Amino acid sequence: MSPCVKVPGDLPLPITSDHLRYEPPSAVTGRTDVVTVTPWLAPIVWDSTFNGALLDAIYMPRDITIATTVFAVGEYVRFLKDFLETAERHFFVGFKVHYYVFTDRPDQVPSVDMATGREVFIRPAQNHRRWQEIGAGRFKVIADFIETELHGRANYVFCFDVDAKFHSRWGPETLGRLVAALHPDWYGRKRHEFSYERRPASKAFMSADEGDFYYPAGAYGGELPSVHHMLTTCNDNFQMDAQQGIEAAWQEESHLNKYLWLYKPSVVLCPEYMWRDGILPTPPNIKMIRFSGVVKDYTKIRPGWPGSEV
Ligand code: UDP
């Protein structure tokens with residue numbers, strides 16, 4: 001008889017191989033150097049806490065489509081080639097993936113070989129005088145896009161910064177209702193140190209005794225309705241701040257952090273999933289790097305940055 005896995009809300013589905021053999025899980029041994037579950041019982045996904053082959057076998061029969069959004073506005077289009085090529089090597093390999101590239105330079109989108117079931121779609125994006133507006137503007141664009149185009153066409157959506165590369169597996173261990181990563185600069189620090197917005201006048205305000213983790217705006221995702229709710233709420237709060245002449249300390253990231261304090265993520269990804277190339281040496285609890293931001297020269301790419309050449 002086929003082994004079956006009950007998928008909540010769906011009929012039980014058989015895993016793809018009747019003969020899948022793997023090390024049985026232990027209830028008493030495992031990683032002890034890091035915390036692998038939040039106080040609200042969401043998994044914190046670290047290397048060695050999951051079996052990738054088993055998860056692939058569970059999710060493959062569901063025939064899911066993963067949408068990804070990535071903005072490449074202005075000079076940031078230069079990062080697309082590496083982003084897409086490395087995603088083809090590591091991101092949901094064997095699954096249907098649709099990359100939606102939002103750009104003002106469609107003619108500069110590189111042509112990258114895609115595996116079957118995987119495709120790049122180009123969508124227009126507006127450039128802005130200030131880099132802060134490009135990042136923060138993503139919330140509304142992605143929320144509208146989920147509503148008008150993605151609904152019914154994908155099961156999950158992940159939203160990424162483009163100035164980053166995949167280095168190893170990113171697969172169905174990251175799927176959940178609402179998924180956020182731990183920021184590599186802050187994951188070992190205390191909540192009062194986090195770079196949350198600290199001015200009470202802002203909708204993103206967090207007091208010193210609030211907050212779970214510090215989450216980056218460079219990688220998050222989940223099921224469409226949850227991501228849509230998060231983005232519309234954050235955008236509304238961002239706009240309300242703007243009407244009062246306030247811009248939160250880290251723009252959209254500050255609002256994202258406020259939201260994720262009030263509406264907890266159902267899956268938390270450890271910083272393997274959102275690293276930054278400049279952090280050296282890599283701490284011992286980071287066993288592998290899966291996705292990492294590249295080191296960049298802001299004067300060459302960011303409009304409105306001090307000394308900017310663009
Ligand atoms: N971005 C863009 N063009 C810009 C500025 C930003 O396309 O001129 C997009 C791009 O996807 C980038 C993301 O916004 O990865 C976040 O901006 P940035 O990387 O500058 O922010 P950081 O993470 O360095 O604070």
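In listed order, ligands and their atoms are each counted from 1. FYI, the numbering just counts along the sequence from 1. None of these values were measured; they are calculated from a predicted model.
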*Asks:* To which protein heavy atom is atom 24 (O) of ligand 1 closest, and what is the distance rounded to 0.1 Å?
*Replies:* Tyr298 OH, 2.5 Å
*Asks:* Please state which option from Phe79, Phe102, Tyr76 has its nearest heavy atom closest to atom 20 (O) of ligand 1.
*Replies:* Tyr76
*Asks:* Hey, does the side chain of Thr38 reach the backbone of Ala42 with a donor-acceptor pair shorter than 3.5 angstrom?
*Replies:* yes
*Asks:* From the options Ile58, Asp56, Ile64, Leu54, select the one residue that forms a side-chain contact (heavy atoms from CB on, under 4.5 Å) with Pro172.
*Replies:* Asp56
*Asks:* Test of understanding: with salt bridge (Lys or Arg N to Asp or Glu O under 4.0 Å), list the residues that count as partners of Glu23, not counting sequence neighbours.
*Replies:* none
*Asks:* Check ligand 1 against Asp163 and write out every atom of the ligand that is under 4.0 Å from a heavy-atom position of the residue.
*Replies:* 12 (C), 15 (O), 19 (O)
*Asks:* From Asp104 CG over to Asn127 CG, what is the distance, rounded to the nearest 0.5 angstrom?
*Replies:* 4.5 Å
*Asks:* Under the criterion salt bridge (charged side-chain N to carboxylate O under 4.0 Å, His left out), I'd like the reasoning laid out for Arg290 against Glu272: C-alpha separation, chi angles, the key distance, then a yes or no.
*Replies:* CA-CA 5 Å; Arg290 300 170 188 277; Glu272 293 162 21; 2.8 Å; yes
*Asks:* What I want to know is whether Phe71 and ligand 1 share at least one N or O pair that is separated by under 3.5 angstrom.
*Replies:* yes
*Asks:* Mind checking whether Arg138 contacts ligand 1 via backbone (N, CA, C, O), side chain (CB onward), both or neither, at a 4.0 Å heavy-atom cut-off?
*Replies:* side chain
*Asks:* What is the closest protein heavy atom to atom 7 (O) of ligand 1, and at what distance does it sit?
*Replies:* Val73 N, 2.8 Å
*Asks:* Which ligand 1 atoms are under 4.0 Å away from a heavy-atom of Pro303?
*Replies:* 8 (O)
*Asks:* Does the side chain of Tyr99 come under 3.5 Å of the side chain of Arg118 through a donor N or O and an acceptor N or O?
*Replies:* yes
*Asks:* So is Glu75 close enough to ligand 1, meaning a heavy atom under 4.0 angstrom away?
*Replies:* no
*Asks:* Could you find the nearest protein heavy atom to atom 23 (O) of ligand 1 and give me its residue, atom name and distance?
*Replies:* Asp161 OD2, 3.5 Å
*Asks:* Counting only heavy atoms, which portion of Ala72 has something under 4.0 Å from ligand 1: side chain, backbone, both, or neither?
*Replies:* backbone
*Asks:* Any N/O of Val162 closer than 3.5 Å to an N/O of ligand 1?
*Replies:* yes
*Asks:* Quick test: of every protein heavy atom, which one is nearest to atom 21 (O) of ligand 1, and how far off is it to 0.1 Å?
*Replies:* Arg302 NH2, 3.3 Å
*Asks:* Please work out, at 4.0 Å between heavy atoms, whether the side chain, the backbone, both, or neither of Ile134 comes within that distance of ligand 1.
*Replies:* side chain
*Asks:* Give the intermediate values and the outcome of salt bridge (charged side-chain N to carboxylate O under 4.0 Å, His left out) for residues Arg31 and Asp47.
*Replies:* CA-CA 9 Å; Arg31 281 192 70 161; Asp47 185 47; 5.0 Å; no
*Asks:* For Ala72, does its backbone N or O pair with a side-chain atom of Thr103 as donor and acceptor, under 3.5 Å?
*Replies:* yes
*Asks:* When Phe158 is tested against each of Trp170, Phe166, Tyr273 for ring-ring contact (aromatic ring centres under 6.0 Å, His included), which residue passes?
*Replies:* Trp170
